[in-house]
Amino acid sequence: MYFAALLARTEDGWEASDTELDDVETLSDLTELAREASDDDTVIVFIEQEDAWFGIVRIEGEEDPRVYVSDGAAAARSSYGEILTREILGDDLDDIVDELESLDLDGTEDGEPLDGDTDDDEETSVAAEAVPAAPVGDRLILADLGMSPADLLALESDALAEIADALGAAEVLEAVR
């Protein structure tokens with residue numbers, strides 16, 4: 001289960017809205033969704049999967065999005081998290097996945113049956129194994145907005161509430177939740 005919220009900084013302060021990710025298949029889709037919410041202002045997209053991981057995407061005007069994920073390996077095992085980790089690790093992740101796939105390790109070398117794995121499952125599994133089980137991305141993503149890299153790295157449960165509090169957007173976010 002995912003929760004996604006969009007925080008847009010406007011002249012009147014932060015505005016929050018929950019966000020449907022049904023039509024999001026790429027980071028470009030997510031960036032477009034954020035830019036529709038606020039043209040030139042700072043927009044923070046927050047995605048959380050049941051306390052397993054969270055991701056932050058920061059969009060400012062036409063600049064490239066900045067991305068941070070709390071647990072790269074956990075995120076890479078989910079569709080939305082994979083979008084973010086692929087953006088962060090880029091070609092390096094593709095190279096690692098290609099290298100691991102070329103080894104053709106399907107579990108049968110240990111005498112284990114394949115039990116109906118699909119190519120998509122195998123690719124997601126290989127991608128998740130290639131991503132570190134640690135924070136990945138831009139740790140300075142919220143530094144100028146009141147959350148230091150150390151504070152960001154220390155977040156565990158209910159990260160969205162702590163981020164919103166640091167940004168001064170706790171009340172507007174709570175209204176959306």
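Since the model is a prediction, treat every value here as computed from it, not as a measurement. When a residue number appears, it is its place in the shown sequence, counting from 1.
Nearest heavy-atom pair across A16 and L7 is CB-CD2, 3.4 Å. Across all their heavy atoms, L84 and I47 have their closest contact at CD1-CD1, 4.4 Å. Nearest heavy atoms, V24 versus L33: CG2-CD2, 4.4 Å. Summarising the geometry of Y80 relative to L21, their closest heavy-atom pair is OH-O, 2.9 Å, with the distance given to 0.1 Å. Here the closest heavy-atom approach between residue L152 and residue I163 is recorded as CD1-CD1, 4.4 Å. Smallest separation of non-hydrogen atoms from G61 and R35: O-NE, 2.6 Å.
Two residues are said to be in side-chain contact when any heavy atoms from C-beta on lie closer than 4.5 Å; L173 and L167 fail this criterion. At a threshold of 4.5 Å between non-hydrogen side-chain atoms, the residues T85 and W53 do not count as touching. The shortest distance between side-chain heavy atoms of L30 and I83 does not fall below 4.5 Å.
Screening residues 159-169 for side-chain hydrogen bond (donor to acceptor under 3.5 Å, both in side chains) gives no qualifying pairs among residues at least two apart or on separate chains. Listed by first then second residue, pairs satisfying side-chain hydrogen bond (donor to acceptor under 3.5 Å, both in side chains) with a partner in residues 2-12 read Y2-S78, R9-T42, not counting sequence neighbours.
Note that CD1 of I56 is 4.5 Å distant from CG of L142, once rounded to the nearest 0.5 Å. With values rounded to the nearest 0.5 angstrom, F46 atom CZ is found 4.5 Å from L160 atom CG. Rounding to the nearest 0.5 Å places CG of D138 at 4.0 Å from CZ of R66. The distance from atom CZ of R86 to atom OG1 of T26, rounded to the nearest 0.5 Å, is 13.0 Å.
Other residues sharing a hydrophobic cluster with L140 under the 4.5 Å side-chain heavy-atom criterion for ILVMFWY residues do not exist; the residue is a singleton.
One hydrophobic cluster, built from ILVMFWY side chains closer than 4.5 Å, cannot hold both V67 and F3; they sit in different ones. Cluster annotation: V69 is not connected to L153 through the hydrophobic network of ILVMFWY side chains, with a link wherever side-chain heavy atoms come within less than 4.5 Å. The hydrophobic cluster containing W14 also contains I141, counting ILVMFWY residues as joined when their side-chain heavy atoms lie under 4.5 angstrom apart, directly or transitively.
Residues meeting the side-chain hydrogen bond (donor to acceptor under 3.5 Å, both in side chains) test with D71, sequence neighbours left out: none. Residues meeting the side-chain hydrogen bond (donor to acceptor under 3.5 Å, both in side chains) test with D144, sequence neighbours left out: R58. Residues satisfying the side chain to side chain contact (heavy atoms under 4.5 Å, CB included) criterion with A8, sequence neighbours excluded, are L6, S38, V43.
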Stepwise side-chain contact (heavy atoms from CB on, under 4.5 Å) check, L89 with V131: CA-CA 8 Å; L89 300 173; V131 177; 3.8 Å; yes
